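Input: a single structure, listed below in structure tokens.
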Amino acid sequence: MKHRKLFSALAMGLLVSMGASAQPRQFTVNAKPGGPIQPTMYGIFFEDINFGADGGLYAELVENRSFEFPNNLMGWGTFGNVSVSDVKPAFDRNPHYVVLESAGHDQKFTGLENRGFFGMGLKKGMKYDFSVYARLHDLQGKEARIRVELVDNQDVPIDKQTITIKVSQWQKATATLTSNRTVEKGLLRIFLESSDGIDLDHVSLFPEDSWHGLRADLVQDLADLHPGIFRFPGGCIVEGTDLATRYQWKNSVGDVENRPLNENRWNYTFPHRLFPNYYQTYGLGFYEFFLLSEKIGAEPLPILSVGLSCQYQNKDDACNAHVAVDDLQPYIDDALDLIEFANGAITTKWGKLRADMGHPAPFGLKQIGIGNEQWGELYPVRLKKFVEQIRAKYPNIKICGSSGPSASGEMFDYGWEQMRKLDVDLVDEHYYMSPDWFLKNAGRYDNYDRKGPKVFAGEYACHVRGLDKEPTVAMNNFEAALAEAAFMTGLERNADVVYQATYAPLFAHVDGWQWRPDLIWFDNLRSVRSVNWYVQMLYATHRGTHMLSLTENGKAVEGADGLYASAVYDKDAKQYIVKIANTGDKAQEIALNFKGAKGLGAGTAITLHADDPRAVNSLDKPNSVVPQESGVQANGSAATVTVPAKTFAVYKF
Ligand code: AHR
């Protein structure tokens, strides 16, 4: 008893010192469940930017494994007698390979080495699966031998294996190497050990714990977000710098060795972050995207080219940048065939390929996006053709169109008007804006037209100005995350018109980033979940199934005295969930009155708070800002909670 009194006194003291207002504010939550919230409501946006795929989520450690970069030996160091050939190749769409021949007596060794993407991360105790396609270089040759080594950053070999080839037809050879230490920037070295020469192609090295070729820790970072929707493969990468380099999903399926290389649209985009070695191997292709969606429990949402290459980089009248409307059929076929690949019977051409790749069951595709961030008159006239044919063949597939790159304005209004006319199901909106914008726009969707297409907030993130000058790499700070949390109460309150939302971009390699902020940062060995990641996760894991009305004095709580709030009901967990973002400098005491609810009892409070708005989670300090859980007590149909200053809080009863 004594202790309880002491605790209450301390708690009171804490409240007073936090500056809680004397009279609790009164929030009314109507406990009667309203409209449904889509399972797709909070999701993820994947694009191969910032080395998100090759060098990131795709766990291949060898850069330019197929020797197909325009400079065929880019990424490789060679010594002795090494040349490149494409005579009688192993793979017709990736025809180049290397020839290793004896360097003679003067020069002892022939071989090559690869440092991966920003060095190869090797972990103590981890096994690494090496594979290569090889044949004797000379038809008369008898036996060629290579020694394969993992090497640490001091140039000391860690492990080695020998591979012997006795035939002159291409064959796959494998070896397992083990690292007995953790090395952030190691390398792979291959020596020719025989006097007979050898041809090598598709030199590959994966950590044994990779999942379908994907980095295990990054897959876990996605799974733990519990996303409802998974948008891929971008972003501008869908459109390409030009039509030839647009993302062509058909090139990204089938045997991985024969998926042709594509330039990455982000290699030369930012003068301050040039990556001439940025290419797409498509090792992470559409099959893997669908598999990953399934694994993390998210609905897949592929976005395809509408026949317009990136409009930022190509003038509207640029020749060869955009497909003529009458020539669109191959692009439309790509969309129709993709639906067949995802959902078709295994007796169909593309359904059979899915089955042959290992997934006879359909992937359950329900929606498709046509065009990424398109604008102006070039777009609707092309999209119309897709809509007509997709509707005719697959009436149940939802179609997502674009409203362009801006959150408002003439271009945006035109885009929406056209999307309404075309009667698409969802309209993709993009906004990378300031904290101020996010706070002011928490009511953005309150008055949206409920009869037209639904909203897909397909790319958004709060950008805090001035941070580019700061010396830290992880730019996702608490200020941005709190503004996003506040804004998202507006998504939740309007879940009858906002069907899904995906923060963007998703991944960034600390040595290879081009665009920030990003949800998840990583190096060769580790990853870190940004503060923004925790906001997304808290929303996704407390999505609820039905909307609830939450008001103060009959009005939505969207900024008065720094407070933003929304509520949902989860019929499966039988829970009322309230989210409150306190962006102000004072703690706020709030009475939550659940009108129509009874016997609420003990609940849970989860808070995300940092004293410093610039606080970040980094690779070295990944848990600087993480949610804290505590108990909270309701009494009958009411509960009084205190939301500390600068805090995002989730309450569930
Ligand atoms: O997310 C980064 C880029 O921002 C996307 O590729 C593009 O759609 C937008 O302009």
Side-chain angles (χ1 to χ4, degrees), residues 43-54 56-57 222 227 229-242 245-247 262-273 275 278 280 284 289 301-314 368-376 378-379 383 400-409 411-412 415 419 426-434 437-438 455-464 468 475-476 480 484 500-509 512-521 530 532-533 536:
I44 50 180
F45 158 96
F46 180 87
E47 175 163 29
D48 189 2
I49 185 172
N50 305 315
F51 287 81
D54 291 289
L57 181 58
L222 299 184
I229 187 103
F230 179 27
R231 169 184 168 161
F232 57 84
C236 292
I237 217 151
V238 168
E239 305 155 73
T241 311
D242 49 33
T245 54
R246 73 189 190 278
Y247 198 111
N262 194 14
E263 185 181 300
N264 188 301
R265 181 242 174 278
W266 295 105
N267 55 358
Y268 292 117
T269 311
F270 299 107
H272 60 296
R273 305 290 298 172
F275 290 102
Y278 203 179
Q280 301 176 79
L284 166 53
F289 281 129
L301 170 49
I303 311 280
L304 297 192
S305 163
V306 71
L308 298 174
S309 52
C310 183
Q311 288 179 269
Y312 278 114
Q313 293 196 319
N314 297 280
I368 190 168
I370 305 296
N372 168 44
E373 201 171 61
Q374 320 299 164
W375 64 79
L378 294 174
Y379 181 44
L383 179 59
C400 179
S402 162
S403 60
S406 324
S408 58
M411 207 186 247
F412 174 83
M419 293 308 105
L426 293 143
V427 177
D428 183 10
E429 295 188 352
H430 294 182
Y431 30 87
Y432 296 105
M433 307 296 261
S434 66
W437 184 93
F438 273 90
V455 174
F456 169 32
E459 289 186 33
Y460 71 96
C462 177
H463 286 213
V464 179
D468 275 1
M475 305 311 290
N476 299 77
E484 285 154 10
Q500 50 209 38
T502 54
Y503 181 98
L506 183 59
F507 285 122
H509 192 297
W513 65 268
Q514 297 140 319
W515 177 298
R516 60 191 185 199
D518 306 284
L519 207 59
I520 298 165
W521 287 79
S530 66
N532 316 68
W533 184 97
Q536 294 295 322

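All values reported here derive from a predicted model rather than from experimental measurement. Each ligand, and each atom within it, is numbered from 1 in the order the structure gives. Nothing fancy with the numbering, it's 1 onward along the sequence.
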Inset, instruction - Give a yes or no on whether the backbone of Gly240 and the side-chain of Ser309 come within a donor-acceptor separation of less than 3.5 Å. - result: no
Inset, instruction - Considering the heavy atoms of Trp515, write down every atom of ligand 1 situated less than 4.0 Å from one of them. - result: 2 (C), 3 (C), 4 (O)
Inset, instruction - Run through Met411, His430, Glu429 and flag the one making a side chain to side chain contact (heavy atoms under 4.5 Å, CB included) with Pro405. - result: Met411
Inset, instruction - List the closest protein heavy-atom neighbour of atom 9 (C) of ligand 1: residue, atom name, distance to the nearest 0.1 Å. - result: Glu459 OE1, 3.0 Å
Inset, instruction - Determine whether the side chains of Asn476 and Trp521 contain a donor N or O and an acceptor N or O closer than 3.5 Å. - result: yes
Legend entry - Interfacing atoms of ligand 1 (cut-off 4.0 Å, heavy-atom, Gly235): 5 (C), 6 (O), 8 (O)
Inset, instruction - Flag Asn372 as yes when one of its N or O atoms lies below 3.5 Å from any N or O atom of ligand 1, and as no otherwise. - result: yes
Legend entry - Heavy-atom donor-acceptor pair, Glu239 side chain to Gly371 backbone, under 3.5 Å: no
Inset, instruction - For atom 10 (O) of ligand 1, find the nearest protein heavy atom and state the residue, atom name and distance (0.1 Å precision). - result: Glu373 OE1, 2.8 Å
Legend entry - Atoms in ligand 1 with a heavy atom of Glu47 nearer than 4.0 Å: 1 (O), 2 (C), 5 (C), 6 (O)
Legend entry - N/O donor-acceptor pair under 3.5 Å between Thr502 side chain and Gly458 backbone: yes
Inset, instruction - May I ask whether Pro505 has any heavy atom positioned less than 4.0 angstrom from an atom of ligand 1? - result: yes
Inset, instruction - Dump the intermediate steps for salt bridge (Lys or Arg N to Asp or Glu O under 4.0 Å) on Asp48 and Arg265, then the final yes or no. - result: CA-CA 9 Å; Asp48 189 2; Arg265 181 242 174 278; over 6 Å; no
Legend entry - Ile237 and ligand 1 - part of the residue with a heavy-atom distance under 4.0 Å: neither
Legend entry - atom 2 (C) of ligand 1 - nearest protein heavy atom and its distance: Tyr432 OH, 3.7 Å
Inset, instruction - Please verify whether a non-hydrogen atom of Trp266 lies at under 4.0 Å from ligand 1. - result: yes
Inset, instruction - For the residue pair Trp266 and Phe270, categorise the inter-ring angle as parallel (less than 30°), tilted (30 to 60°) or perpendicular (more than 60°). - result: parallel
